[in-house]
Each structure stands twice: as C-alpha cells, then as structure tokens.
Asks: 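Here it is, the structure, as structure tokens.
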Protein chains: 2
Amino acid sequence: MSGFPQRCLDCLVRDTALCSSMDDQELATLSEIGRRRVVHAGAVVNWAGDASTSCANVVSGALKLTASTADGREQIVGLLYPGDFVGQIFTDQTSLTITSLVDTDLCVFPRAGFERVLDEHPRMERMLLERTMASLQEAQGRMLSLGRKSTRERVASFLLEVADRTGSRDETGTIRVHVPISRGEMADYLGMTIETVSRQLTLFKTAGAITYARGDRDCTILDRGHLEAIAFPDR
Amino acid sequence: MSGFPQRCLDCLVRDTALCSSMDDQELATLSEIGRRRVVHAGAVVNWAGDASTSCANVVSGALKLTASTADGREQIVGLLYPGDFVGQIFTDQTSLTITSLVDTDLCVFPRAGFERVLDEHPRMERMLLERTMASLQEAQGRMLSLGRKSTRERVASFLLEVADRTGSRDETGTIRVHVPISRGEMADYLGMTIETVSRQLTLFKTAGAITYARGDRDCTILDRGHLEAIAFPDR
DNA sequence: CGGAACGTTGAGCATAATCAACGACTGTGG
DNA sequence: CCACAGTCGTTGATTATGCTCAACGTTCCG
C-alpha cells in the first residue's frame with residue numbers, strides 16, 4: 001500500500017497530536033520524514049544553544065523544558081505530555097534545554113522537512129498556532145504565579161493543576177494524584193527551593209488537606225476545597 | 001480606485017505589523033474591516049474576562065497586558081509597541097486586561113473577520129505564528145527572571161532591555177533611555193514592590209552606573225558593563 | 001554493608017515586603 | 001497668587017517570608 005503510514009495507524013497520539021489535523025492520505029508525507037525515537041528517563045534531548053535542527057511530537061512519557069542563567073540557576077518553563085509538540089522552529093538556535101522525565105517516545109522530524117509540510121498543510125499550521133497561543137496563555141499564568149504568589153499558593157496551585165491533568169477521583173471524593181517530578185523539579189518549576197516545597201507539603205499534610213507516604217510521588221488530595229482556598233484567595 | 005486602502009498607504013506600521021505580509025491588493029480585504037481607534041493614556045482597552053470580540057495592531061503608543069489574582073495582585077505579562085498584534089483570537093473569553101500606557105492608536109478588527117482573513121492569507125498566518133512563538137520565548141525568559149533572579153538582577157536586566165529597545169547612544173558611550181512606565185508599573189512588570197524598585201535604582205545611581213532626575217522616567221546609563229555584570233552573572 | 005540519591009526537619013540569616021513618614025510636583029479652587 | 005489635596009517617588013524602620021547551611025532518616029543499589 002503506497003505511502004500509507006503503517007507506523008501511524010496505531011499511534012497513541014494519532015488523534016491528539018498535530019497529526020490529528022491530517023487525514024490518512026496527508027499523513028503519508030509527514031510519516032515519511034518522521035522517525036520514532038525512545039529517550040530514557042533523565043536523558044537530555046536538547047541543550048539550550050544547540051542548533052535547532054529537529055522537532056517532534058511526544059508520543060508517550062513526559063519532558064521538561066528548562067531555561068537557565070549563565071551561573072546555573074534553572075527554571076522549568078514547561079512540561080510536555082503525550083500529544084504535545086516539542087521544538088523551536090523558524091529559528092536557528094534553541095534557547096531551552098529539553099530533558100525527559102521518564103522513558104519517553106518521540107516522533108522526530110527534521111526541522112526543515114517539518115516546516116515544508118507546514119507550508120503545505122494549513123490545517124496543521126492553524127493547529128500549531130492555536131497550541132502556541134495556548135502555551136503563551138499558560139506562560140502568562142505562570143508569570144503571575146512566579147511574580148505575585150506566595151510559595152504556599154504556588155504549591156497548592158501546582159497540586160490542583162496536576163490533579164486536573166492526571167488525577168483520578170474515587171467515590172469518597174478523594175483524588176489520587178501522581179506527581180510526575182521530584183521535589184527538586186517541583187522547586188525548579190515553582191521557582192523556589194527543595195526545602196520550601198517540602199515544608200509546604202508537610203504543612204498541607206498536617207492540615208489534613210493531603211496525604212502521601214514520605215518522599216513519595218503519589219499523593220492523595222483529601223480536601224480539594226482547602227487547597228483551592230489557598231491557591232485562589234478571594235480577598 | 002477600487003478597494004485600494006487609502007488609510008493604509010501612509011500607515012506608520014505598514015511595514016512592521018502583520019500587514020507587511022500582504023501586498024497592496026490583499027490589504028484591501030483587511031483594510032475593509034479595520035477601524036482606527038485612539039485610546040488615551042491610562043484607559044483600559046479590555047478587561048480580563050470580557051468576551052473576545054476584537055483584535056488590533058498597535059499603530060503608535062504602547063500598551064500593557066496584565067494578569068491578576070482574584071484578590072487584586074497584578075503582574076504585567078507583556079508590553080506592546082507599534083507594529084505589535086494585540087488580542088486573543090481562537091478563544092471566546094479574554095484572560096488579560098489591556099491598558100494603554102500613553103495615548104495610543106490602534107487599528108482594530110472584529111475578531112471573526114480577522115480570523116476569516118487569516119484563513120485566506122497563509123503568509124499573514126505564518127507571520128502571526130512566528131510572532132506568537134517569539135512572544136512565548138520572551139515569556140520563557142521572564143519566567144526565568146521572576147522565578148530565579150534577585151530583584152537587583154531583574155532591575156538591571158529591565159534597564160538593559162529598555163535601552164536595547166529604545167535607547168539612543170551618544171558619542172561618549174552613555175545611553176539615554178526613556179522608561180515608558182511608572183515605578184508602580186515597573187514593580188508590576190518585575191514582580192516586586194515599588195519601594196524595592198526605587199531602592200535598586202538608587203543603588204545603581206549611587207554606584208555611578210546610571211543617573212536620573214528624582215522621579216524622572218528619563219534615565220542615562222553611564223556604565224552599561226556594570227549593569228550587564230549584575231544582570232548576567234557568570235558564576 | 002557502604003554509598004548515593006532523595007526527602008525531611010531545624011536553626012540562623014538575608015532578602016525583600018510591609019508600614020510609615022516625608023519631599024517634590026501637579027492641578028484645583030479660593 | 002497662594003493654600004490645598006492628590007499623586008508619585010524616595011527613604012527609613014521593622015517584619016516576615018523564604019533561602020542557606022546543616023544534620024539526619026529512608027530507600028535503593030552495588
């Protein structure tokens with residue numbers, strides 16, 4: 001079957017990634033230039049400053065995007081999940097370091113080829129535009145958090161954010177949440193130190209709003225209202 | 001002369017705004033739906049939460065984009081200058097308050113009409129995509145600043161930023177800078193208080209890196225290297 | 001068993017916020 | 001013309017938030 005993208009047929013993100021803007025016919029052109037790549041946990045996919053030669057869709061797993069100062073301070077500026085697009089196109093140099101948080105599958109495209117496909121597929125370009133705008137809006141919310149919220153508010157917001165993305169609610173109203181990152185990464189995401197993250201979590205646990213086993217990345221939200229009241233103070 | 005956009009002919013941003021992606025012919029369709037609007041200093045152009053019914057190009061002047069918490073804390077998430085595009089398209093509700101910093105001319109389009117023009121003009125859509133990506137990258141840099149830099153570093157970076165955008169250098173190497181915003185707005189931009197901004201500026205003045213008349217928005221950078229060393233510490 | 005990585009907790013400290021007072025400048029009204 | 005209030009910026013004193021430094025417990029591996 002000529003050019004029919006076998007690999008794409010059973011792809012986990014066929015209907016959520018940028019590919020979902022293409023029909024099976026169109027997908028052939030994209031499929032031709034894409035290659036699957038497995039990235040093991042903790043590996044750096046791209047260093048800030050590298051030439052921008054490729055981009056990708058996240059198929060499974062998770063990535064973090066970090067910006068850093070010359071003296072080594074780090075800020076996580078984004079977390080990416082299956083279906084998300086990664087890469088800095090239309091520019092020759094990257095500004096972010098990309099690291100996998102867990103074993104991750106990528107569908108990688110050479111940048112030049114991807115840009116050519118984009119030229120010819122307005123629906124995909126539109127989808128990318130909408131997603132870029134959504135990322136920008138998310139970034140604006142995070143600027144508000146980083147600039148104006150207390151550490152307590154930021155930790156509470158973060159837990160709710162993760163709960164909304166991946167949490168599963170049981171019949172008693174408790175929400176099981178898997179926090180995909182370490183304390184250190186939470187700190188880098190929230191613009192604070194490991195110690196402060198740990199202390200704030202302990203305070204929430206003491207207050208009965210959450211529980212978790214010591215050092216564990218699984219967390220149960222017992223009192224969502226409590227966290228919401230802290231994350232979004234009305235006055 | 002059929003549909004030839006008279007108003008656009010002598011437009012100050014004909015060659016820098018999104019319009020620069022269109023030839024005179026194409027511009028007619030955009031011109032038809034655009035209307036000039038003058039916004040006086042301090043006026044709110046849009047409140048966060050309003051329906052997203054229009055968008056615009058900044059023709060002259062300057063705008064600030066602010067995000068805020070329910071209890072009134074504000075963070076400036078962007079400053080817009082002539083040639084910049086304003087508005088949240090592809091979404092029905094706005095999330096940002098837009099305020100003019102000085103008397104500002106806008107070229108306003110109804111959102112629906114603008115989106116239709118975008119559908120039909122891939123070069124303009126591409127330009128908007130590139131600009132949105134640039135805004136996102138800028139936002140990522142600001143997340144790093146807000147999350148990981150000291151107030152001193154942030155104020156120094158800000159002065160350099162403004163100098164690079166609008167500063168004029170004279171023969172002795174000093175740079176005249178007009179800071180387009182009040183101390184309060186600098187604080188909102190940099191995620192700190194008015195008092196801290198003032199103190200950091202005083203420190204730079206005392207150190208001989210800058211001068212300014214008390215309370216003035218015009219500032220002279222005497223020692224760019226000093227500010228750079230503070231803004232970008234190497235170790 | 002030893003070491004490394006990670007998380008927690010405590011003590012002390014520094015940075016920046018808060019609270020307060022004051023000076024300079026602007027525009028208004030007497 | 002001056003008195004006045006209002007806004008904005010500066011400066012000082014005090015407080016609190018969150019960082020730094022340090023110690024220690026746990027878990028996971030070799």
Side-chain angles (χ1 to χ4, degrees), chain A residues 40-42 64 69 71-75 99 101-102 145-159 178-207 210-219 230 233, chain B residues 40-42 64 69 71-75 99 101-102 145-159 178-207 210-219 230 233:
Chain A
H40 66 78
K64 65 173 174 180
T69 60
D71 64 349
R73 284 169 285 175
E74 267 194 13
Q75 175 67 43
T99 312
L101 295 169
V102 295
S145 276
L146 293 167
R148 292 300 185 201
K149 293 191 185 174
S150 68
T151 57
R152 185 158 31 94
E153 291 171 307
R154 275 178 269 167
V155 173
S157 300
F158 176 74
L159 290 174
H178 179 74
V179 180
I181 56 179
S182 69
R183 294 289 184 273
E185 285 161 338
M186 278 184 68
D188 284 346
Y189 187 77
L190 298 172
M192 55 183 113
T193 61
I194 294 175
E195 294 93 326
T196 301
V197 171
S198 181
R199 279 185 248 270
Q200 294 303 334
L201 289 173
T202 303
L203 286 175
F204 291 150
K205 183 157 56 162
T206 307
I210 64 175
T211 20
Y212 60 93
R214 179 203 159 82
D216 205 336
R217 293 189 185 185
D218 290 304
C219 166
I230 289 171
Chain B
H40 67 77
K64 65 173 175 180
T69 59
D71 63 349
R73 284 169 284 174
E74 269 195 12
Q75 175 67 43
T99 311
L101 295 169
V102 295
S145 275
L146 293 168
R148 292 300 185 200
K149 293 191 183 174
S150 67
T151 57
R152 185 158 32 93
E153 290 171 308
R154 274 177 270 166
V155 173
S157 300
F158 176 74
L159 290 175
H178 179 75
V179 180
I181 56 179
S182 69
R183 294 288 184 276
E185 285 161 338
M186 279 184 67
D188 284 345
Y189 187 77
L190 297 171
M192 54 183 111
T193 61
I194 294 176
E195 294 93 325
T196 301
V197 171
S198 181
R199 278 186 248 270
Q200 294 303 334
L201 289 174
T202 302
L203 286 174
F204 291 150
K205 183 155 59 160
T206 306
I210 63 175
T211 22
Y212 59 94
R214 179 202 158 82
D216 206 337
R217 293 189 184 184
D218 289 304
C219 165
I230 289 171

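Every chain is numbered from 1 and lettered A, B, ... according to where its sequence line falls, protein lines coming before strand lines.
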Asks: Does a side-chain N or O from B/Thr151 land closer than 4.0 Å to OP1 or OP2 of C/dA16, or not?
Replies: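 Yes, because at least one side-chain N or O of B/Thr151 sits under 4.0 Å from OP1 or OP2 of C/dA16.
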
Asks: Check the distance between D/dT7's P and B/Ile181's CD1 and give it to me in whole angstrom.
Replies: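 These atoms are roughly 20 Å apart.
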
Asks: Rounded to whole angstroms, how far apart are CD1 on A/Ile230 and P on D/dT17?
Replies: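 It works out to 14 Å between those atoms.
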
Asks: Indicate yes or no: does A/Lys64 engage A/Glu185 in a salt bridge with an N to O separation below 4.0 Å.
Replies: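 Salt bridge between A/Lys64 and A/Glu185, a charged N being under 4.0 Å from a carboxylate O: yes.
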
Asks: Can you see which heavy atom on A/Val155 is nearest to which on A/Met192, and at what distance?
Replies: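 Here A/Val155 and A/Met192 meet closest at CG2-CE, 3.7 Å.
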
Asks: What about B/Arg214, does its side chain sit under 3.5 Å from the base of D/dG9 through a donor-acceptor pair?
Replies: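 Indeed there is one.
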
Asks: Can you work out whether B/Arg154 or A/Lys205 has the more 5'-proximal nearest nucleotide on DNA chain C?
Replies: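 The residue whose closest nucleotide sits nearer the 5' end is A/Lys205.
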
Asks: Could you check whether the side chain of A/Arg199 and the base of C/dG10 have a donor-acceptor pair of N or O atoms closer than 3.5 Å, going by distance alone?
Replies: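 Present.
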
Asks: Does NZ or CZ of B/Arg183 come closer than 6.0 Å to the centre of the six-membered ring of B/Tyr212, within 45° of the ring's axis?
Replies: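 Yes, B/Arg183 lies over the aromatic ring of B/Tyr212.
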
Asks: Please report the distance, rounded to the nearest Å, between NZ in A/Lys149 and P in C/dA16.
Replies: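 Nearest whole value for this atom pair: 21 Å.
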
Asks: Considering just the side-chain nitrogens and oxygens of A/Ser198, establish if one lies under 4.0 Å of OP1 or OP2 belonging to C/dG7.
Replies: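 So the side chain of A/Ser198 is outside the cut-off, no N or O lying under 4.0 Å from OP1 or OP2 of C/dG7.
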
Asks: Between B/Thr202 and D/dT10, is there a contact of a side-chain N or O with OP1 or OP2 at under 4.0 Å?
Replies: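 It does not, given that no N or O in the side chain of B/Thr202 lies less than 4.0 Å from OP1 or OP2 of D/dT10.
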
Asks: To the nearest Å, give me how far apart CZ (A/Arg183) and C1' (D/dT26) are.
Replies: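 That distance rounds to 13 Å.
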
Asks: Flag the pair A/Asp71 and A/Arg73 as a salt bridge only when some basic side-chain nitrogen lies within less than 4.0 angstrom of an acidic carboxylate oxygen.
Replies: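 A/Arg73 and A/Asp71: salt-bridged.
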
Asks: Is there a side-chain polar atom (N or O) of B/Thr193 under 4.0 Å from OP1 or OP2 of C/dA17?
Replies: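 So the side chain of B/Thr193 is within the cut-off, an N or O lying under 4.0 Å from OP1 or OP2 of C/dA17.
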
Asks: Which nucleotide in the set C/dG7, D/dC19, C/dA16 lies at the smallest distance from any side-chain heavy atom of B/Ser150?
Replies: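 Taking heavy atoms from C-beta onward, the closest nucleotide is C/dA16.
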
Asks: Looking only at side-chain N and O atoms, does A/Thr196 come under 4.0 Å of OP1 or OP2 in D/dT17?
Replies: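 For A/Thr196, the contact criterion (side-chain N or O under 4.0 Å from OP1 or OP2 of D/dT17) is not met.
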
Asks: Starting at atom CG of A/Leu203, determine the distance to atom P of C/dT8, rounded to an integer number of angstrom.
Replies: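 Computing the A/Leu203:CG to C/dT8:P distance gives 12 Å.
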
Asks: Between A/Glu195 and A/Ser198, do the side chains contain an N or O donor and an N or O acceptor separated by less than 3.5 Å?
Replies: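 Not at all, the side chains of A/Glu195 and A/Ser198 share no donor-acceptor pair under 3.5 Å.
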
Asks: I need the CG-P distance between B/Asp216 and C/dT26, as an integer number of Å.
Replies: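 So the CG-P distance, B/Asp216 to C/dT26, works out to 11 Å.
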
Asks: In whole Å, I'd like the distance from the CD atom of A/Glu153 to the C1' atom of C/dA17.
Replies: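 Going from CD in A/Glu153 over to C1' in C/dA17 covers 14 Å.
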
Asks: How long is the line joining CZ of A/Arg73 and P of C/dT15, in whole Å?
Replies: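 In whole Å, C/dT15 P lies 13 Å from A/Arg73 CZ.
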
Asks: Between the base of C/dC19 and the side chain of B/Glu195, is one N or O donor paired with an acceptor at under 3.5 angstrom?
Replies: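 Pair found.
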
